[in-house]
Amino acid sequence: MREHAVLYQAAAYCLSYPDDDFHVRLPLLRRAAPELGEFLDHAAGQPPQDLAAHYVQVFDFKNRHSLYLSWWRDGDTRRRGMSLVRFKEVYREHGLEFTGEELPDFLPVALEFAARTGHRGLLDEHRGGLELLRIALTDFGTPYATVLEAVCATLPGPSPKDRAEALALARSGPPREEVGLEPFGAIGLEPIAVIGDRS
């Protein structure tokens, strides 16, 4: 999994709100992650305010473009609470405490976690949701789709060919343990940074 660490970190930056830091990092991202070249070329060619407006248009107004992984499996149901707890528990098992302002299933945070730890399990568990997001972004015609394509290409097995296959994958998913998770308290571990914090 470590061979994809740079790609995952770069994808985390690309899928976060494109603030001033993102634009400063563009040359480094282009050198480090050639797989993301199509999106990064697009981003470099846009005035910063236009790229920011496009990000808001793509991700802030459409649930079907949700960057929150558990939404794809659980929607806005009570079950989603346990899914969010699971993200925090996995972070904690790897010595990290989630303290960000986003929800713990925010895709850029999950990508950063995979980059920092080499643990890709959360991405594998939510492969169906990632593929549905990839298809939705492709249908929408946004360059952000190429970032999802690069991430999905690192996951085991072929990508679903269409929405029906991706839906079936999202519904089934790998088995999950949903009992026996202890409650969380701050225990002073290094926090996972919230990438693209808009505050």
Identify the heavy atoms of [X] and [Y] that sit nearest to each other, and give their distance.
{"X": "A32", "Y": "V6", "answer": "O-CG1, 3.4 Å"}
{"X": "H94", "Y": "V90", "answer": "ND1-O, 3.0 Å"}
{"X": "P108", "Y": "A12", "answer": "O-CB, 3.4 Å"}
{"X": "L36", "Y": "A10", "answer": "CD1-CB, 3.7 Å"}
{"X": "D50", "Y": "Q46", "answer": "CB-OE1, 4.1 Å"}
{"X": "A115", "Y": "A5", "answer": "CB-O, 3.3 Å"}

Exercise. How are the rings of F113 and H119 set relative to one another: parallel (under 30°), tilted (30 to 60°) or perpendicular (over 60°)?
Worked result: perpendicular

Exercise. Going by the angle between their ring planes, with limits at 30° and 60°, are Y17 and Y55 parallel, tilted or perpendicular?
Worked result: perpendicular

State, yes or no, whether a side-chain contact exists between [X] and [Y] at a heavy-atom distance under 4.5 Å.
{"X": "P104", "Y": "V109", "result": "no"}
{"X": "E112", "Y": "L96", "result": "no"}
{"X": "L111", "Y": "L123", "result": "yes"}
{"X": "P156", "Y": "R120", "result": "yes"}
{"X": "L67", "Y": "L133", "result": "yes"}
{"X": "L84", "Y": "Y68", "result": "no"}
{"X": "L69", "Y": "F87", "result": "yes"}

Exercise. Would a distance-only check, ignoring hydrogens and angles, find a side-chain to backbone donor-acceptor pair under 3.5 Å from R73 to E125?
Worked result: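 Present.
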
Problem set entry | By side chain to side chain donor-acceptor pair (under 3.5 Å) - contacts of S66 (at least two apart) | none

Would you compute the distance between atom [atom1] of [X] and atom [atom2] of [Y] and round it to the nearest 0.5 angstrom?
{"X": "R127", "Y": "L132", "atom1": "CZ", "atom2": "CG", "value": "11.5 Å"}
{"X": "L107", "Y": "C14", "atom1": "CG", "atom2": "SG", "value": "11.5 Å"}
{"X": "W72", "Y": "D105", "atom1": "CH2", "atom2": "CG", "value": "12.5 Å"}
{"X": "S70", "Y": "R79", "atom1": "OG", "atom2": "CZ", "value": "10.0 Å"}

Problem set entry | Full working for side chain to side chain contact (heavy atoms under 4.5 Å, CB included) between L51 and H23 | CA-CA 10 Å; L51 186 63; H23 292 282; 3.8 Å; yes

For this session: For R116 and Y91, run side chain to side chain contact (heavy atoms under 4.5 Å, CB included): C-alpha distance rounded to whole Å, both residues' side-chain angles, the deciding distance at 0.1 Å, then the answer.
Result: CA-CA 11 Å; R116 290 176 64 176; Y91 297 154; over 6 Å; no

Exercise. Does one hydrophobic cluster hold both L28 and L26, with members joined at side-chain heavy-atom distances below 4.5 Å?
Worked result: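 In one cluster: no.
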
Exercise. With a 4.0 Å cut-off, would you call R86 and E89 a salt bridge?
Worked result: no

Exercise. Can you name the residues that form a ring pair (Phe, Tyr, Trp, His ring centres under 6.0 Å) with H42, not counting sequence neighbours?
Worked result: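 Scan of H42 (ring pair (Phe, Tyr, Trp, His ring centres under 6.0 Å), adjacent residues dropped) gives none.
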
Below 3.5 Å, can you tabulate the donor-acceptor pairs from side chains in residues 143-155 to any protein atom, sequence neighbours excluded?
unit_1	atom_1	unit_2	atom_2	d
T146	OG1	P143	O	2.8
T154	OG1	Y8	OH	2.6
T154	OG1	V151	O	2.6

For this session: Can you tell me which residue pairs pass the salt bridge (charged side-chain N to carboxylate O under 4.0 Å, His left out) test with a partner in residues 20-39, sequence neighbours excluded?
Result: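 Checked against salt bridge (charged side-chain N to carboxylate O under 4.0 Å, His left out) - neighbours excluded - the pairs reaching residues 20-39 are R30-D41.
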
